[in-house]
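Here the structure is a predicted model, which means the values were calculated and not measured. In this chain, residues are counted from 1 in sequence order.
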Amino acid sequence: QLAQALHPTPFALSPTHSHQKRSLPMVMPISTCGALWIALLCIGTFGDDVMAAEGPIASGQAGYWVKLQGLHTSEGSLDPPFSEDGKDFTLKVDNNKVKSSVLTFELNMNKYDPLEFPKIFVNDKEFEYSPVDVLKYEIPLDETAAPVDQVYRIKVADPAGAVGWPFPHETAHEYTVRVLQAPIFEEVIEAVSIGVRNVDGNPIKADKDFDPAVRTYHYRVPGESSFVKVDVLCTPYATGMAVDGTDVPINETKIVVMHHAITQVNVQCQYADPKYTSMMQQKTYALKLERSMHLEDFNVALKISAEQGYCAMREMDEEGDHSDTTGFICRSAVSEPTFLAIYSNPRVDVILVSNDTGTQHGLPHGVAVPIKISDERSKYTLKVVGSAEPWEFPVEVIKAASCSTLKCGAGKLQRKGLSAVEAAQAHLCLEEVCTAEDEDRCCEEAPACDDMEDGWCPDGTELLRDGTRCANDPCNDEDKATCCEKPGFRTTTVAAPHAHKSGRDGQHPRLRHHFTNLTKKKLAYYKEVGCSPTPTVGCNGEMCYFDGSCLEEPPRNGGLGCWAAGISGGCRFCGFGIYEECPKSYDCEGSCNDWAPEHSAWCFENYGVRCANPLHRVEFWQNQSIAGLVAVTDQIVDALGSANTQHLGVVAAFGLAAVVAVAAIVGIVWRVAYRRRSSGPHARMLVLDMEEADFIE
């Protein structure tokens with residue numbers, strides 16, 4: 001159409017010629033002209049991609065060179081490496097603290113006429129330059145800690161601008177450079193402020209003023225608050241926040257529940273972007289929240305697992321001696337015992353701190369915690385955490401020796417079944433090495449020969465009943481040489497009752513034998529429990545006794561002193577410190593002829609022993625001298641009264657004298673007979689006969 005407009009056709013086609021073909025000479029000039037025009041149009045449109053001829057091409061002409069020979073950077077590197085035909089590049093600046101990077105444009109001077117250098121545009125703004133200078137363009141990087149992600153478009157263009165008609169076209173080539181710089185992670189993940197408030201919204205002051213570089217803060221929360229409000233503000237460049245490792249909405253108030261006296265909250269400001277880092281960047285702030293309560297009173301019990309050892313309360317000072325400070329002494333059979341603390345206020349916490357190393361072991365209320373101890377005696381301090389006032393209890397821990405290492409004294413043997421008792425206290429000594437002080441705990445009297453039945457000794461020998469003890473428990477054939485002897489070989493007499501620390505007081509053999517059988521089960525029970533109704537220092541060196549009321553619900557006196565030294569629920573401390581006075585007790589192994597009613601009642605209640613009254617009378621009369629009988633008779637006369645005595649007259653006096661004489665003679669004869677037969681097989685029959693006949697009475 002354009003060719004026809006420039007060169008009009010010399011004839012017009014009539015309708016009649018509409019179906020006729022044009023002649024070739026007429027068609028050829030038009031087709032040639034159109035082809036030339038299309039070629040020129042293509043050169044104008046795609047001139048920057050057409051291989052230019054050698055030497056400069058004038059501005060405005062097809063093939064004008066519009067490409068950089070090089071593109072260099074002062075920071076980072078281009079990806080991919082620069083090529084003149086390339087278009088898209090990424091400049092990654094690894095140094096996140098530099099504030100700028102310089103791009104250097106390099107032109108191929110051989111491609112240009114000295115007066116026709118190309119124009120350079122950066123982000124559509126012309127870059128002014130002189131060909132004789134180094135072409136430098138400074139890219140400002142972010143002066144803050146924020147990351148950088150910016151795009152720069154660099155266009156090299158023909159200074160002639162858009163040329164051609166009717167569609168002007170600009171000869172140019174454009175490069176795109178994306179600049180990336182990682183943020184300053186240390187600053188991006190810092191907190192801007194941290195605040196803690198109580199339930200009423202009132203601020204709680206930390207132990208130090210806020211500083212983004214300081215990571216730990218300590219807050220003392222007044223009262224018995226069960227939760228607090230925590231406000232942590234991160235920088236605007238942070239991408240997230242976490243509390244104790246759990247993601248939470250950034251910069252929102254967090255409610256922290258205080259389950260214990262000390263609660264630590266870890267708050268993290270985070271930054272994550274795969275363009276700059278392959279891993280999460282975060283900074284943690286540790287907030288220690290400590291409850292601060294006013295405790296008017298506080299009770300704590302420290303225990304060791306029963307099969308491993310035990311702990312007992314005692315008064316002691318810093319040197320381990322007794323004083324007004326309540327503390328604990330713990331003995332363990334193992335190197336890593338399990339400790340258990342039970343205290344009166346679960347809103348506070350208790351920790352066990354080594355005095356030597358300062359190592360702390362938390363002891364949550366009622367939770368067993370294994371703690372490794374030294375083979376040498378160690379000292380600790382049991383501290384209460386969460387109290388406004390200091391509560392501290394000294395603790396001494398001993399790796400105690402086993403009773404099995406103790407050699408018992410004469411007449412004593414290792415307690416039977418100690419190794420089978422689960423409670424370690426039953427077979428632990430007081431110190432690292434067992435001493436004589438441990439005999440009461442670790443040893444027991446060997447069985448007496450007279451506990452054996454008649455007929456045990458070989459024919460022709462009799463059983464010794466003088467307290468001689470066997471070397472085995474129970475007595476066996478090896479002990480017959482010690483316990484049996486021929487009749488008449490040794491003179492045996494029944495001694496008058498007297499105290500003896502062994503518990504054998506010279507009472508009649510039959511009574512002692514009777515006592516042993518009656519109390520066998522009771523004694524076995526108290527031995528298993530670890531304490532008896534008689535107060536002793538058997539509870540870790542402190543006075544205690546068996547009190548059945550400790551096993552009742554509720555226990556008497558609120559259970560104060562029960563579970564003494566952790567031995568048993570029925571053992572109660574007494575006679576020291578805050579504990580009640582020790583109750584009166586009686587010796588139930590002595591001669592019973594002079595027992596008071598309360599004495600007899602106590603022995604019957606605790607040991608099942610009741611003394612037979614007829615036997616009392618027998619023992620009384622057979623132990624009296626003539627003078628004693630006369631004195632008794634005088635008492636009878638005094639009881640009758642002087643008036644009655646005068647009426648009796650001489651006859652009564654002679655009669656009374658006769659009674660006294662007969663009684664004296666009978667007593668003498670009986671005592672001689674008894675002495676002769678006490679060591680023989682019929683000695684018991686004599687006493688039994690006199691009881692039945694009530695002879696003396």
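Residue pairs that meet the ring pair (Phe, Tyr, Trp, His ring centres under 6.0 Å) test with at least one member in residues 87-106, sequence neighbours left out, are F82-F89, F105-F127. Residue pairs meeting the disulfide (SG to SG under 2.5 Å) criterion with at least one partner in residues 193-246, sequence neighbours excluded, are C234-C269. Listed by first and then second residue, the ring pair (Phe, Tyr, Trp, His ring centres under 6.0 Å) pairs involving residues 351-385 are Y343-H365 (not counting sequence neighbours). Listed by first then second residue, pairs satisfying disulfide (SG to SG under 2.5 Å) with a partner in residues 199-228 number zero, not counting sequence neighbours. Among residues at least two apart or in separate chains, salt bridge (Lys or Arg N to Asp or Glu O under 4.0 Å) pairs with a member in residues 80-91 are K67-D85. The list of salt bridge (Lys or Arg N to Asp or Glu O under 4.0 Å) pairs with a residue in residues 274-294, not counting sequence neighbours, reads E190-K283, R220-E290, D273-K275.
For Y175 and Y152, the gap between ring centers reaches or exceeds 6.0 Å.
The distance from atom OG of S59 to atom CG of L115, rounded to the nearest 0.5 Å, is 11.0 Å. Once rounded to the nearest 0.5 Å, the distance linking NZ of K383 with CG of L363 reads 13.5 Å. One distance of note links OG of S332 with NZ of K399; it measures 7.0 Å at 0.5 Å rounding. Once rounded to the nearest 0.5 Å, the distance linking CG of D113 with OH of Y64 reads 8.5 Å. Note that CD of E187 is 13.5 Å distant from OH of Y271, once rounded to the nearest 0.5 Å. To the nearest 0.5 angstrom, D158 atom CG is 15.0 Å from H173 atom NE2.
Counting only heavy atoms from C-beta outward, the side chains of I139 and T73 never approach each other to under 4.5 Å. L91 places a side-chain heavy atom less than 4.5 Å from the side chain of S101. Within the 4.5 Å cutoff, the side chain of V300 has no heavy atoms near those of the L302 side chain. When side chains are defined from C-beta on, S335 counts as touching D375, because their heavy atoms get closer than 4.5 Å. Counting heavy atoms from C-beta outward, V350 and F298 have side chains that approach closer than 4.5 Å. For the pair F121/E174, no side-chain contact is recorded, criterion being any heavy-atom separation below 4.5 Å from C-beta on. Annotation: side chain of V348 is in contact with side chain of M293 (closest heavy-atom distance under 4.5 Å). The shortest distance between side-chain heavy atoms of I304 and Y310 does not fall below 4.5 Å.
Residues Q268 and N266 bring no donor and acceptor atom of their side chains to less than 3.5 Å of each other.
Looking only at distances, no side-chain donor or acceptor of E432 sits under 3.5 Å from a matching main-chain atom of I398. Checked by atom type and distance alone, the side chain of Y285 pairs as donor or acceptor with a backbone atom of A191 at under 3.5 Å. A donor-acceptor pair is defined here as one N or O able to donate and one able to accept, closer than 3.5 Å; no such pair exists between the side chain of E106 and the backbone of H72. Judged purely by atom type and a 3.5 angstrom limit, Q181 uses its side chain to pair as donor or acceptor with the backbone of V98. The backbone N or O of H260 lies less than 3.5 Å from no partner atom in the side chain of D349, so there is not a single donor-acceptor pair. Looking only at distances, no side-chain donor or acceptor of T171 sits under 3.5 Å from a matching main-chain atom of H169. When atom types are taken as modelled, the side chain of T235 and the backbone of V188 share a donor-acceptor pair closer than 3.5 angstrom. The backbone N or O of V102 lies less than 3.5 Å from a partner atom in the side chain of S74, making a donor-acceptor pair.
A salt bridge links D149 to R178: at least one charged side-chain nitrogen sits closer than 4.0 Å to a carboxylate oxygen.
Considering every non-hydrogen atom in both A261 and G386, the closest pair reads CB-CA, 3.7 Å. Shortest non-hydrogen contact noted between V395 and C330 is CG1-SG, 4.2 Å. Nearest heavy-atom pair across L78 and L71 is CD1-O, 3.7 Å. The shortest heavy-atom contact between M279 and T277 is O-OG1, 2.9 Å. Nearest approach of A272 to T239, heavy atoms of both residues: N-OG1, 2.9 Å. Taking every heavy atom of both residues into account, Y112 and P56 meet most closely at C-CB, 3.7 Å.
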- prompt: Between I373 and R377, is a side-chain contact (heavy atoms from CB on, under 4.5 Å) present by the stated rule, with each step listed?
  reply: CA-CA 9 Å; I373 63 173; R377 186 173 308 214; over 6 Å; no
message: Between L295 and N345, does the side-chain contact (heavy atoms from CB on, under 4.5 Å) criterion hold? Intermediate values first, please.
response: CA-CA 9 Å; L295 299 178; N345 195 326; 3.6 Å; yes
- prompt: Do L103 and I154 pass the side-chain contact (heavy atoms from CB on, under 4.5 Å) test, and can you show the C-alpha distance, the side-chain angles, and the key distance before you say yes or no?
  reply: CA-CA 11 Å; L103 295 179; I154 304 169; 4.1 Å; yes
Derivation of the side-chain contact (heavy atoms from CB on, under 4.5 Å) call for E392 and V353: CA-CA 10 Å; E392 297 184 352; V353 184; over 6 Å; no
With a 3.5 Å cut-off and sequence neighbours excluded, list the donor-acceptor pairs that the side chains of residues 129-138 form with protein atoms.
residue : atom : partner : partner atom : Å
Y129    : OH   : P118    : O            : 2.4
E138    : OE2  : S100    : OG           : 3.1

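Residues that satisfy the salt bridge (charged side-chain N to carboxylate O under 4.0 Å, His left out) test with D124, not counting sequence neighbours, are R153. In terms of the salt bridge (charged side-chain N to carboxylate O under 4.0 Å, His left out) criterion, K119 has no residue partners (sequence neighbours excluded). Looking at residues two or more places apart in sequence or on another chain, you find no salt bridge (charged side-chain N to carboxylate O under 4.0 Å, His left out) involving E186. By the salt bridge (charged side-chain N to carboxylate O under 4.0 Å, His left out) test, D231 is found to be paired with R197, residues two or more places apart in sequence or in another chain being considered. The side chain to side chain contact (heavy atoms under 4.5 Å, CB included) check on T357 picks up S354, T359, with sequence neighbours excluded.
Counted within 6.0 Å of CD on E376, heavy atoms from surrounding residues, nucleotides or ligands total 12 or fewer; the atom is thus considered open. Under a cut-off of 6.0 angstrom, the local environment of NZ in K97 is sparse, with at most 12 non-hydrogen atoms contributed by other residues, nucleotides or ligands. Within 6.0 Å of the CG atom in N202, the count of heavy atoms belonging to other residues, nucleotides or ligands exceeds 12.
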